[in-house]
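Because only heavy atoms are used, hydrogens play no part in the values below, and waters and symmetry mates are left out as well, while side chains stay in. Naming convention: chains lettered A, B, ... in sequence-line order (proteins, then strands); numbering from 1 in each chain.
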2 protein chains.
Amino acid sequence: MQQVADRASVSISTVSFVVNNTKPVTPETRDRVLRAISELGYRRNTAARALASRKSRILALIYPLLDHRNHHAFVEAAATAAEEHGYNLVLWPLHSDNVTTEITSLIQAGFADGVLLMEVQFDDERVTRLHEAEAPFALIGRTRDLDGIDYVDIDFERTTETAVADLAELGHRDFSLVLEDLSDTPLAGYAPPFRAEETFRRVISERGLKGAVFRVPHRARAISSVADEILRDAPNTTAIIAMHDEAALSLVNALPHRGIAIPQDISVVALATATTLADVTDPPLSTYVAPGHELGRKAAEILIARLEGRGAPAGQALITCLPHKGGTVAPARAPATSPTAP
Amino acid sequence: MQQVADRASVSISTVSFVVNNTKPVTPETRDRVLRAISELGYRRNTAARALASRKSRILALIYPLLDHRNHHAFVEAAATAAEEHGYNLVLWPLHSDNVTTEITSLIQAGFADGVLLMEVQFDDERVTRLHEAEAPFALIGRTRDLDGIDYVDIDFERTTETAVADLAELGHRDFSLVLEDLSDTPLAGYAPPFRAEETFRRVISERGLKGAVFRVPHRARAISSVADEILRDAPNTTAIIAMHDEAALSLVNALPHRGIAIPQDISVVALATATTLADVTDPPLSTYVAPGHELGRKAAEILIARLEGRGAPAGQALITCLPHKGGTVAPARAPATSPTAP
DNA sequence: TTGTAGGCGTTATCAT
DNA sequence: ATGATAACGCCTACAA
């Protein structure tokens, strides 16, 4: 920095002003400084900057090593948004064991200014601890208690409701809902399946429809047998709603082998799914697309607002999944209306 | 730190010695210090540490925002290995435009001590620049010129060769290879498809077999029509080797709709694939599993060796994909031996 | 608009 | 085995 200052014949602080836009500087001096910087290939030292300013300008996205879902769109949007505000987003991979303490350390050690949490559970110890430590954070997902908490989440309630409504409009009356069974995993307590189920049951009953719920673990065996389970336990189902990507794929693949035509006999839709998944099946899967991009951007922005806004009210946002037309949904096949059909 | 020192009645430097294990300390004083630390909840400041020691202890894994593949196993292993050596791995998401300069900045700004690069291309500008800047880095993947370069990579040559050999042993004589077509994408020049194709052609010709190559873009339309293309252009194929996950899935799903039984009529195997993919098809996909875990660990270790070893020779490693038995491979159906069969 | 100087929290060197 | 103290590179009042 001193070298830059010398070369531009200014003081070291002027260089700082230019680099940080912290004080007005005459265009000419600014130019000289900028030129010196690029000629010397100067880059300000992250550590020194963080030390002196007490800000790292880093947002840490805690990146669960559970391989649970595809987060690319989300990460990309969050990183972009962060950058637009002068922050950098890094993904900080953490195993599930000692997560809680490590997360607060990140902030207390000054590595990050704020933390983004995903795969949030109903009652999430990480959230409690971050709150206690008064560490700035935002959630992708929702805990049970949301008082004063910054978050963005998918509106699973609305999405589920819409999915049922859309199918009902096509004449479907007998539904099956397929969910991830995460009990006995570190993700038990992961809220989305619960929210979807609750909404599903409510809507089904409000509309006087029939609905069965299937919980499917992530073991391969279980996934490949959903099809048979549904055919056995809910044989009149004409519409399957799956919030379990692998199961959705598996269903579209397996049902035809059981003599069921998709979508003529049974319609299948996936909930809160990455678009990329849709097209590996034949016919392509109809989905309600997870708004990864919007979630990521909003999450970053909410966190930054917290970081910079002086005690602003909590930023909270729910985003609905929009339908992506595939080929696995059709009107319900007309039921055998008369029991004594010829 | 001063508070800790006071509380333990030692000097600030003793605290440092304890915390860093840099000098011998009497067990008693060490205990006092440790106790003071935990009582006060002290954490050393990342920035100050980095500033004073000129080391950030951060390895940045440049994380391509291209959503090209599933890197979880890799990331997890690399993070674990790094931690074992006292480093932290962060994923640094970068768009493909200005990557090159940003990567060297990371090091020049002292944010990271070293960089891990993935999705490496044959001729990769990032590598050139990092080399010029004398920034420590290691590749997951290989450039064309590997002189003095640290890398780990999948041994695509050997894996492809094995795949053909295994199928040939089952009596298959007529092969199709399905590859990702990445031309016109930022990943054109991504080496794996080329390596696989070259090996495939060589082995096919050495063994006097028949082989056709299909290049499939990532557009949904293209993927879902591979099946038809193969049936049209290579109608006698009995074994399909796919280094394109989506295409592999799609094939297993689509071929039965065309009257082809898998694996009785045609065998399908996927190359360099995450295990998780295997079980969404029916029957489950047979694969040669990408050694994500080994790659991640080795990559981190090689980079750390470079960081700490004084001018050690380049660390280079190739790892072969091992077969994962699924249900999509079977002996070749006996050919209609006599042209005049009854 | 620009310069001066103190301080950010550690590490590392040199004494003791 | 422990302590005193100068860097580390930058930011930021405060002064000019």
**Study point:** Base of D/dA4 paired with side chain of B/S13 (donor-acceptor, under 3.5 Å)
**Key:** yes
Practice item. Please state how far atom OH in A/Y42 lies from atom C1' in D/dG9, giving the value in whole angstrom units. Key: 7 Å
Review point. Quick one: does B/L187's side chain get under 4.5 Å of B/Q121's, heavy atoms only?
Key: yes
Practice item. Would you mind reading off the distance between A/R44 atom CZ and D/dG9 atom P, rounded to a whole angstrom? Key: 16 Å
Check your understanding: Are side-chain heavy atoms of B/L318 and B/Y151 found at a separation under 4.5 Å?
Key -> yes
Study note, to complete from the structure: Between CE of B/M1 and C1' of D/dT5 the distance, given in whole Å, is 13 Å
Review point. Tell me: CD of B/Q108 to P of D/dG9, nearest whole Å?
Key: 15 Å
Exercise for review: Could you tell me whether the side chain of A/L117 reaches within less than 4.5 Å of the side chain of A/L130, counting heavy atoms only?
Suggested key: yes
Check your understanding: Rounded to the Å, how far apart are A/Q3 CD and D/dG9 C1'?
Key -> 12 Å
Exercise for review: Please examine the side chains of A/L91 and B/Y63, heavy atoms only from C-beta on, and report whether any two atoms are closer than 4.5 Å.
Suggested key: yes
Check your understanding: Does a side-chain N-to-carboxylate-O contact under 4.0 Å join A/R306 and A/D150?
Key -> yes
Study note, to complete from the structure: Among D/dG9, D/dT12, D/dA4, the one nearest any side-chain atom of A/F17 is D/dT12
Review point. Are any of A/N45's side-chain N or O atoms less than 4.0 Å away from OP1 or OP2 of D/dC8?
Key: no
Review point. Which two nucleotides bound the region of DNA chain C that has atoms under 4.0 Å from heavy atoms of chain A, read 5' to 3'?
Key: C/dT1 to C/dG9
Study note, to complete from the structure: In whole angstroms, the gap separating P of D/dC11 from CZ of A/R49 amounts to 6 Å
Study note, to complete from the structure: Only residue of B/D123, B/T128, B/V120 satisfying side chain to side chain contact (heavy atoms under 4.5 Å, CB included) with B/T143 is B/V120
Check your understanding: Expressed in angstrom and rounded to an integer, what is the separation of B/R54 atom CZ from D/dA6 atom P?
Key -> 16 Å
Point to revise | Cationic tip of A/R57 above A/Y87 ring, under 6.0 Å, 45° of axis | key: no
**Study point:** Side-chain heavy atoms of A/D31 within contact of A/R35, under 4.5 Å
**Key:** yes
Exercise for review: Go through the steps to decide whether A/R297 and A/E84 satisfy the test salt bridge (Lys or Arg N to Asp or Glu O under 4.0 Å), and finish with yes or no.
Suggested key: CA-CA 10 Å; A/R297 162 165 294 275; A/E84 290 172 8; 3.0 Å; yes
Practice item. Figure out the NZ/P separation between B/K23 and D/dA4, and round it to whole Å. Key: 14 Å
Point to revise | Derivation and outcome, salt bridge (Lys or Arg N to Asp or Glu O under 4.0 Å), residues A/D113 and A/K55 | key: CA-CA 6 Å; A/D113 294 343; A/K55 282 186 185 138; over 6 Å; no
**Study point:** A/E83 vs A/L89, side-chain contact (heavy atoms from CB on, under 4.5 Å): CA-CA, chis, key distance, verdict
**Key:** CA-CA 8 Å; A/E83 202 175 330; A/L89 180 79; over 6 Å; no
Exercise for review: Report which part of the nucleic acid A/V10 touches: base, sugar-phosphate, or nothing (heavy-atom distance under 4.0 Å, all strands).
Suggested key: sugar-phosphate
Check your understanding: Which is true for A/S16 with a 4.0 Å heavy-atom rule: it touches a base, it touches only sugar-phosphate, or it touches nothing?
Key -> base
Check your understanding: So do the side chains of A/V115 and A/L59 get within less than 4.5 Å of each other, counting heavy atoms only?
Key -> no
Exercise for review: Rounded to 10°, tell me the angle between the two end axes of the helix from C/dT1-D/dA16 to C/dT16-D/dA1, each built from five pairs.
Suggested key: 30°
Check your understanding: Heavy atom of residues 28-36 of chain A under 4.0 Å from DNA chain D: which residues?
Key -> none
